[in-house]
Amino acid sequence: MKTFGLIGYPLKHSFSYRFFGEKFTKERIDAQYLNFEIADIDRLPDIIKEYTKLAGLNVTIPYKEQVIPFLDELDPTAKAIGAINVIKIDRRGDNIHLKGFNSDYIGFRDSISPLINPEVHHKALILGTGGASKAVEYGLKDLNIETQYVSRSKKEGVITYADLSEEVMSEYTIIINASPIGTFPNIDECPDIPYNYIGKKHLLYDLVYNPAITKFLDLGKKQGAKIKNGEEMLELQAIAAWHIWNE
């Protein structure tokens, strides 16, 4: 039986496991999807050798960047982003070829684009600097949106939460939470931004999908902002991953 799976740590709530399990059942696809919860990315080669029918993997936190040295080839878009969430495994006899892709940016871009108003949405704040944030930045560039990273510590190209003045918040009308802050069970947590400066022209997008309305989104909604969570992004990136594995 052809096998697909997900590597990450921890894997308490796996969207991909549920999505592909339902897809295989509904469409009568003779395949299985497994979760590989590994505490060290060095376990990846062992998994690929052990599961001889493994044809593709999704990659999640914290391995979207750490996995790159283990790959034989990178898709040009994935290389430009610098983060991987899909691996295609091509078995040619005794040779195993691993190619990395990024479908996160496709899912994000196609999910947020209908909500963007060209008259008011020109710049975006990206909260967090991990692998997911790079896909977000790439997707926003496709939509001609200027971006600015925000993190707890200041470094080149990154401002801190303390730098988010009323002027900055007024200028950047799209705010993306690309961090895991607010994910279940830590539902009372949210990014430390000045929510009082958010208004009706703002669009808040949270890559977190559990809970459906995070505290970040709830506080934005109360200020009149448009809001959206990351569930559709996950569905779209999963569909893109399936096409990659089967192309």
Side-chain angles (χ1 to χ4, degrees), residues 1-11 14-24 27 29-111 129-143 178 207 230 232-247:
M1 181 185 293
K2 189 173 278 192
T3 301
F4 302 91
L6 172 69
I7 59 169
Y9 188 83
L11 295 178
S14 169
F15 172 88
S16 297
Y17 181 84
R18 185 179 80 248
F19 177 87
F20 284 107
E22 292 175 355
K23 177 181 178 67
F24 296 161
E27 299 178 24
I29 297 171
D30 185 23
Q32 64 177 342
Y33 193 94
L34 304 175
N35 278 350
F36 298 104
E37 187 175 57
I38 55 176
D40 193 321
I41 190 61
D42 289 335
R43 284 273 294 119
L44 178 60
D46 295 332
I47 289 170
I48 291 170
K49 289 178 183 177
E50 180 181 350
Y51 292 84
T52 58
K53 299 296 184 182
L54 192 60
L57 285 168
N58 291 121
V59 184
T60 190
I61 295 171
Y63 299 132
K64 292 187 179 185
E65 295 164 293
Q66 294 182 36
V67 75
I68 292 175
F70 292 84
L71 307 178
D72 300 297
E73 184 183 356
L74 293 182
D75 169 78
T77 300
K79 188 174 183 179
I81 293 172
I84 303 298
N85 77 304
V86 179
I87 301 172
K88 184 174 184 179
I89 303 171
D90 187 5
R91 298 177 185 270
R92 307 167 185 174
D94 293 333
N95 296 319
I96 301 174
H97 186 83
L98 306 180
K99 185 173 181 179
F101 298 82
N102 192 301
S103 68
D104 276 338
Y105 98 92
I106 298 170
F108 170 75
R109 181 198 64 197
D110 294 352
S111 173
T129 56
S133 70
K134 295 181 178 182
V136 166
E137 179 189 30
Y138 201 89
L140 288 170
K141 283 183 177 179
D142 268 9
L143 300 172
L207 268 61
E232 185 185 35
M233 171 186 169
L234 286 171
E235 292 176 357
L236 294 173
Q237 69 81 19
I239 292 168
W242 182 247
H243 290 315
I244 289 167
W245 293 331
N246 292 281
E247 63 185 7

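All values below come from the heavy atoms of this structure, side chains included, with hydrogens, waters and symmetry mates left out.
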Should [X] and [Y] count as side-chain neighbours, where that means a heavy-atom distance under 4.5 Å?
| X | Y | value |
| --- | --- | --- |
| Lys88 | Leu98 | no |
| Arg91 | Leu54 | yes |
| Lys2 | Lys53 | no |
| Val86 | Val59 | no |
| Phe70 | Ile41 | yes |
| Asn58 | Ile7 | no |

Minimum heavy-atom distance [X]-[Y], with the two atoms named:
| X | Y | result |
| --- | --- | --- |
| Ile38 | Tyr63 | O-OH, 2.6 Å |
| Ala132 | Ala178 | CB-O, 4.2 Å |
| Leu236 | Ser111 | CD1-N, 3.9 Å |
| Lys49 | Thr52 | O-CG2, 3.6 Å |
| Asn102 | Ala83 | ND2-O, 2.9 Å |
| Ser16 | Tyr33 | CB-OH, 3.1 Å |

Is there a side chain to side chain contact (heavy atoms under 4.5 Å, CB included) between Phe4 and Leu57 once you walk through the steps? CA-CA 6 Å; Phe4 302 91; Leu57 285 168; over 6 Å; no
Check this for me: [X], atom [atom1], are more than 12 non-hydrogen atoms of other residues, nucleotides or ligands nearer than 6.0 Å?
| X | atom1 | result |
| --- | --- | --- |
| Lys79 | NZ | no |
| Tyr51 | OH | no |
| Phe36 | CZ | yes |

Which value, rounded to the nearest 0.5 Å, describes the distance between [X] atom [atom1] and [Y] atom [atom2]?
| X | Y | atom1 | atom2 | result |
| --- | --- | --- | --- | --- |
| Leu11 | Glu37 | CG | CD | 5.0 Å |
| Lys23 | Ile239 | NZ | CD1 | 7.0 Å |
| Gln66 | Asp42 | CD | CG | 9.0 Å |
| His97 | Ile87 | NE2 | CD1 | 11.5 Å |
| Glu235 | Asp110 | CD | CG | 13.0 Å |
| Ser103 | Met233 | OG | CE | 8.0 Å |

Test log, rule side chain to side chain contact (heavy atoms under 4.5 Å, CB included), inputs Arg109 and Leu143: CA-CA 8 Å; Arg109 181 198 64 197; Leu143 300 172; 3.9 Å; yes
Do the two ring centres, one from Phe19 and one from Trp242, sit under 6.0 Å apart?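 No, the ring centres sit 6.0 Å or more apart.
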Looking at Trp245 versus Phe101, is the centre-to-centre ring distance below 6.0 Å?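 Between Phe101 and Trp245, which both carry aromatic rings, the centre distance is not below 6.0 Å.
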Can you check side chain to side chain contact (heavy atoms under 4.5 Å, CB included) on Tyr105 and Thr77, steps first, answer last? CA-CA 9 Å; Tyr105 98 92; Thr77 300; 3.4 Å; yes
Salt bridge check, Asp104 against Lys134: does any charged N sit closer than 4.0 Å to a carboxylate O? no
Note: Arg43-Asp40 ion pair, threshold 4.0 Å (strictly below): no
Asp90/Arg92 under salt bridge (charged side-chain N to carboxylate O under 4.0 Å, His left out): CA gap, chis, key distance, verdict: CA-CA 6 Å; Asp90 187 5; Arg92 307 167 185 174; 2.7 Å; yes
I'd like to know whether Ile84 forms a side chain to side chain contact (heavy atoms under 4.5 Å, CB included) with Lys64, so could you lay out the CA-CA distance, the side-chain angles of the two residues, the decisive distance to 0.1 Å, and finally the verdict. CA-CA 5 Å; Ile84 303 298; Lys64 292 187 179 185; 5.6 Å; no
Less than 3.5 Å apart, any donor N or O on the side chain of Thr60 or Asn85 sitting next to an acceptor on the other? no
